[in-house]
Amino acid sequence: MHTINKKSTKLPWATALAQPATEFPPTQLQILSGQIPEGLRGTLYRNGPGRLERGDIHVGHWFDGDGAILAIHFTDDGATGVYRYVQTGGYEEEAAAGKLLYGNYGMTAPGVIWNQWLKPVKNAANTSVLALPDKLLALWEGDNPHALDLQTLKTLGKDDLGALNNGLAYSAHPKIDSKTGEIFNFGISYGLNGILNIYKSNFTGKILQKTSFELDGIPFVHDFVLAGQYLVFFVPPVRLNPLPVITGFSCYSDSLEWKPQLGTQFLVFDRESLSLTSRGETEPWFQWHFSNAYVDASGSVIVDVARYEDFQTNQYLKEVATGEIHTPGMSTFWQVHLNPQTGKVTTIQQLLDRYCEFPTVPQKNVGQASPHTYLSIFRQGTDINRELLNAIARFDHLTDTLTEANLGENRYPSEPIYASNPSLPDKGWVITVVYDGNSNSSEVWVFDSDRLDEEPVCRLGLPSVIPHSFHGTWKPA
């Protein structure tokens, strides 16, 4: 009997995920083109799944991979890179065993049936980072964050920030008010209904105030916004069916149900008291990420969001881990206007008809009007049903125009991160980590934030491939 070798239909982006990422110690980075701008001093941190398999067992979803942190330190002596896995308890246990032991978002625990209850979920520490004055937090929204050394990325252990008792969750999308230094975040606890826990910290990350609010059912909330004096949560119509998860028959990802009849609920909280100001409901959609929000002159809350029409994005992201995508699951850029006092949505409009994700604004503009949003997008002509995001762009809110950085064929940038220029407050740079599928290598590209459609001002080579990652931040020197 002859077996027919089916030709691989995998695209170049898949090679970045095909092997576990290779760590590297602090390494001076080679400048491949241009030069490091004089005012660019500080550190880019990025987090994402670095390992999607161990001992011939493959994870069930892209969200299950072990977190690996990249730091690029820009100093007067050049740029130094370091890349390390977060040494979580689960990571160390699985490394010693040489195989996957735990369940996660998209998989139940391998092996004997009782592992479903003994090892249901591993803190993968793989989603985002929060740079504090004396430590870096690796964030994963189902548990406490892990603290790391800002320079070496050595894992220091789980951190409860003074108030995250009993493994209370701390989400991957904290919001920092640059004027006050206050940090706002949330986490969801699970019971008969979900409990939304909201936290307010000072600039060191120490939680000074927290509150809890019972939700309807067990929804899936990944992000929220700070808008002037408000914190706003949009609760999409996705609900967890808890029974299959509790019994160990199914993982979280497969037990999430799209229920558009519920509509999208929203909750407006006062940032000072953390008390509920209003709540309301609007048409159904799903979102992973918001760009930003602010209060306009009339008192309306304006929210910019990467909006999906349904929850197919979850299947799309599951398929990313296999190296082949078959399910379309793309968002477009929308704006929502709501009255925070009455809980009424007044208008919802599409700002951009291009597929996009990972919207970001300069840190100084978080919670207030930002003239620009930076986005990951697709190059024109891309087969979006099979490809990953392969370009970055800047959307100008004043002129409704999009300026694109075309990186060329088979190159895949990470979420664009804005780095401020200390000597020119309205100028800065946009930094992205690029996987080059032509050469199976990774680079750091630095663009002038006003000239994304021109060549990068600097390109730096990295010692090993950095798999496609989720979120990052810029910490000025």
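The basis for the numbers below is simple: all heavy atoms, side chains too, and nothing from hydrogens, waters or symmetry mates.
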**Q** By the definition ring-ring contact (aromatic ring centres under 6.0 Å, His included), identify the one residue from F333, F358, F234 that meets it with F290.
**A**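 Only one option passes, and that is F234.
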
**Q** Tell me if the aromatic rings of Y230 and F269 count as close, with their centers under 6.0 Å from one another.
**A**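 No, the ring of Y230 stays outside the 6.0 Å limit from the ring of F269, centre to centre.
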
**Q** Please check this pair: side chain of K200 against backbone of R271, looking for a donor-acceptor N/O pair closer than 3.5 Å.
**A** yes

**Q** Supply the atom-to-atom distance L44 CG to L460 CG, rounded to the nearest 0.5 angstrom.
**A** 10.5 Å

**Q** Could you pull out all residues at least two apart from F63 that satisfy ring pair (Phe, Tyr, Trp, His ring centres under 6.0 Å)?
**A**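 Listed in chain order: H61, Y105, W288, F470.
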
**Q** Can you list the steps and then say if N314 with S253 is a side chain to side chain donor-acceptor pair (under 3.5 Å)?
**A** CA-CA 8 Å; N314 192 46; S253 176; 2.9 Å; yes

**Q** Listing request: all salt bridge (Lys or Arg N to Asp or Glu O under 4.0 Å) pairs with a residue in residues 73-92, at least two apart in sequence or in separate chains.
**A**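 Non-adjacent pairs meeting salt bridge (Lys or Arg N to Asp or Glu O under 4.0 Å): R41-D76.
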
**Q** Is the centre of the H397 ring less than 6.0 Å from the centre of the H372 ring?
**A** no

**Q** As a quick check of understanding, evaluate side chain to side chain donor-acceptor pair (under 3.5 Å) for R307 and S331, giving each step before the final call.
**A** CA-CA 5 Å; R307 165 180 159 148; S331 59; over 6 Å; no

**Q** Among all residues two or more places apart in sequence or in another chain, which pass the salt bridge (charged side-chain N to carboxylate O under 4.0 Å, His left out) test with E53?
**A** none

**Q** Please check: side-chain N/O of Q363 versus main-chain N/O of I176, any donor-acceptor pairing under 3.5 Å?
**A**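 The answer is yes, because a donor-acceptor pair under 3.5 Å joins these two groups.
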
**Q** Looking at F186, F184, Y170, which one forms a ring-ring contact (aromatic ring centres under 6.0 Å, His included) with Y199?
**A** Y170

**Q** Using the rule given for side chain to side chain contact (heavy atoms under 4.5 Å, CB included), can you reason through V221 versus I188, listing the C-alpha separation, both sets of side-chain angles and the distance that settles it, and then say yes or no?
**A** CA-CA 8 Å; V221 182; I188 292 183; 3.7 Å; yes

**Q** Considering only NZ, NE, NH1 and NH2 on the basic side and carboxylate oxygens on the acidic side, decide whether R379 and E404 come within less than 4.0 Å.
**A** no

**Q** Quick one: are T347 and L338 in side-chain contact, heavy atoms under 4.5 Å?
**A** no

**Q** Is it the case that over 12 heavy atoms from other parts of the model lie below 6.0 angstrom from the CD atom of Q35?
**A**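 Check fails, neighbour count at 12 or below.
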
**Q** Would you check if the side chain of D396 reaches a backbone N or O of D400 as a donor-acceptor pair within less than 3.5 Å?
**A**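 No; judged by distance alone, with no hydrogens or angles, the pair does not exist.
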
**Q** Going through the checks in order, is the side chain to side chain donor-acceptor pair (under 3.5 Å) test met by E415 and Y374?
**A** CA-CA 8 Å; E415 162 199 56; Y374 298 89; over 6 Å; no

**Q** Please check if the side chain of T22 supplies one atom and the backbone of S464 the other of a donor-acceptor pair under 3.5 Å.
**A** no

**Q** In terms of heavy-atom contacts, does CD of E93 have more than 12 from other residues, nucleotides or ligands at under 6.0 Å?
**A**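 For E93, atom CD is crowded (more than 12 foreign heavy atoms under 6.0 Å).
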
**Q** Roughly how far, to the nearest 0.5 Å, is CG of L150 from CG of L136?
**A**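 Rounded to the nearest 0.5 Å, the CG-CG separation comes out at 6.0 Å.
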
**Q** Using side-chain heavy atoms (C-beta onward) and a distance below 4.5 Å, is I417 in contact with H471?
**A**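 With C-beta onward as the side chain, the pair stays apart.
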
**Q** Quick one: are M330 and Y316 in side-chain contact, heavy atoms under 4.5 Å?
**A**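 Side chain of M330 against side chain of Y316, heavy atoms only: contact under 4.5 Å found.
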
**Q** I want to check something: taking the side chain as every heavy atom from C-beta on, are L267 and L196 in contact at a cut-off of under 4.5 Å?
**A**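 Contact flag for L267/L196 side chains = yes.
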
**Q** With a 3.5 Å cut-off and no angle check, do the side chains of W334 and T332 form a donor-acceptor pair?
**A**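 Looking only at side-chain atoms, T332 and W334 do form a donor-acceptor pair, the distance falling under 3.5 Å.
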
**Q** Within the structure provided, determine whether L132 and I183 are in side-chain contact (heavy-atom separation under 4.5 Å).
**A** yes

**Q** Measure the acute angle between the ring planes of Y308 and F286, then classify it against the limits of 30° and 60° as parallel, tilted or perpendicular.
**A** tilted

**Q** So for atom CD, which belongs to Q350, do other residues, nucleotides or ligands contribute more than 12 heavy atoms lying within a distance under 6.0 Å?
**A** yes

**Q** F266 and F233: aromatic ring centres closer than 6.0 Å?
**A**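 Not close enough - the centres of the two rings lie 6.0 Å or further apart.
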
**Q** Could you tell me the separation between the CG atom of L352 and the CD1 atom of I377, rounded to the nearest 0.5 Å?
**A** 8.0 Å

**Q** Check whether more than 12 heavy atoms from other residues, nucleotides or ligands sit under 6.0 Å from atom CD of Q19, and answer yes or no.
**A**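 Count not over threshold, so no.
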
**Q** Can you tell me if N104 uses its side chain to pair, donor with acceptor, with the backbone of G106 under 3.5 Å?
**A**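 The answer is no, because no donor-acceptor pair under 3.5 Å joins these two groups.
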
**Q** Main chain of P416, side chain of T360: is a donor-acceptor contact present, judged purely on distance under 3.5 Å?
**A**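 At least one qualifying donor-acceptor pair exists.
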
**Q** If you look only at pairs with a residue in residues 437-452, which of them pass as a side chain to side chain donor-acceptor pair (under 3.5 Å), with sequence neighbours excluded?
**A**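 For residues 437-452, and leaving out neighbouring residues, the side chain to side chain donor-acceptor pair (under 3.5 Å) pairs sorted by first residue read R394-D450, N410-N438, K427-D450, Y435-N440, D436-N438, S439-S441, E443-W445, E443-R459, D448-R451.
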
**Q** Under the side chain to side chain contact (heavy atoms under 4.5 Å, CB included) rule, what do K318 and W62 come out as? Steps first, then yes or no, please.
**A** CA-CA 6 Å; K318 179 179 180 178; W62 195 14; over 6 Å; no

**Q** Pick one: which of N185, N292, D223 meets side chain to side chain donor-acceptor pair (under 3.5 Å) with K175?
**A**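 Among N185, N292, D223, the one meeting side chain to side chain donor-acceptor pair (under 3.5 Å) with K175 is D223.
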
**Q** Using only heavy-atom distances, determine whether the side chains of T155 and H146 contain a donor-acceptor pair under 3.5 Å.
**A**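 Side-chain D/A pair, T155 to H146: absent.
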
**Q** Could you check D66, D64, D143, T88 and say which one makes a side chain to side chain donor-acceptor pair (under 3.5 Å) with K122?
**A** D66

**Q** Keeping K135 on the side-chain end and D159 on the backbone end, is there a donor-acceptor pair under 3.5 Å?
**A**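 Looks like no, no N/O pair under 3.5 Å.
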
**Q** Do T80 and T27 have side-chain heavy atoms sitting under 4.5 Å apart?
**A** no

**Q** Checking R386 side chain against T9 main chain: does a donor-acceptor pair fall under 3.5 Å?
**A**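 Yes; at least one donor-acceptor contact below 3.5 Å.
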
**Q** Quick one: do L156 and L148 satisfy side chain to side chain contact (heavy atoms under 4.5 Å, CB included)? Show the steps, please.
**A** CA-CA 5 Å; L156 307 173; L148 286 75; 5.6 Å; no

**Q** Who are the ring pair (Phe, Tyr, Trp, His ring centres under 6.0 Å) partners of Y45, not counting sequence neighbours?
**A** none

**Q** Do V59 and P49 make a side-chain contact, defined as non-hydrogen atoms from C-beta onward lying under 4.5 Å apart?
**A** no

**Q** Can a donor-acceptor pair be found, under 3.5 Å and without considering hydrogens, that links the side chain of N126 to the backbone of G50?
**A** no

**Q** Quiz question: by atom type and distance under 3.5 Å, do the side chains of H289 and Q287 form a donor-acceptor pair?
**A** no

**Q** Taking atom types as modelled, is there a side-chain donor on S189 or N197 under 3.5 Å from an acceptor on the other?
**A** yes

**Q** With side chain to side chain donor-acceptor pair (under 3.5 Å) as the test, would you mind laying out the steps for D304 and S291 before giving the verdict?
**A** CA-CA 5 Å; D304 295 335; S291 158; 4.6 Å; no

**Q** Under 3.5 Å, side chain of E182 to main-chain N/O of S178, donor-acceptor pair present?
**A**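 A pair under 3.5 Å: no.
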
**Q** What residues form a salt bridge (charged side-chain N to carboxylate O under 4.0 Å, His left out) with E319, not counting sequence neighbours?
**A** none

**Q** Using side chain to side chain contact (heavy atoms under 4.5 Å, CB included), reason through Y83 and R46 one step at a time and then give a plain yes or no.
**A** CA-CA 9 Å; Y83 188 52; R46 289 206 58 78; over 6 Å; no

**Q** Is the shortest heavy-atom distance from the side chain of D177 to the side chain of V366 under 4.5 Å?
**A**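 Side-chain contact under 4.5 Å: no.
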
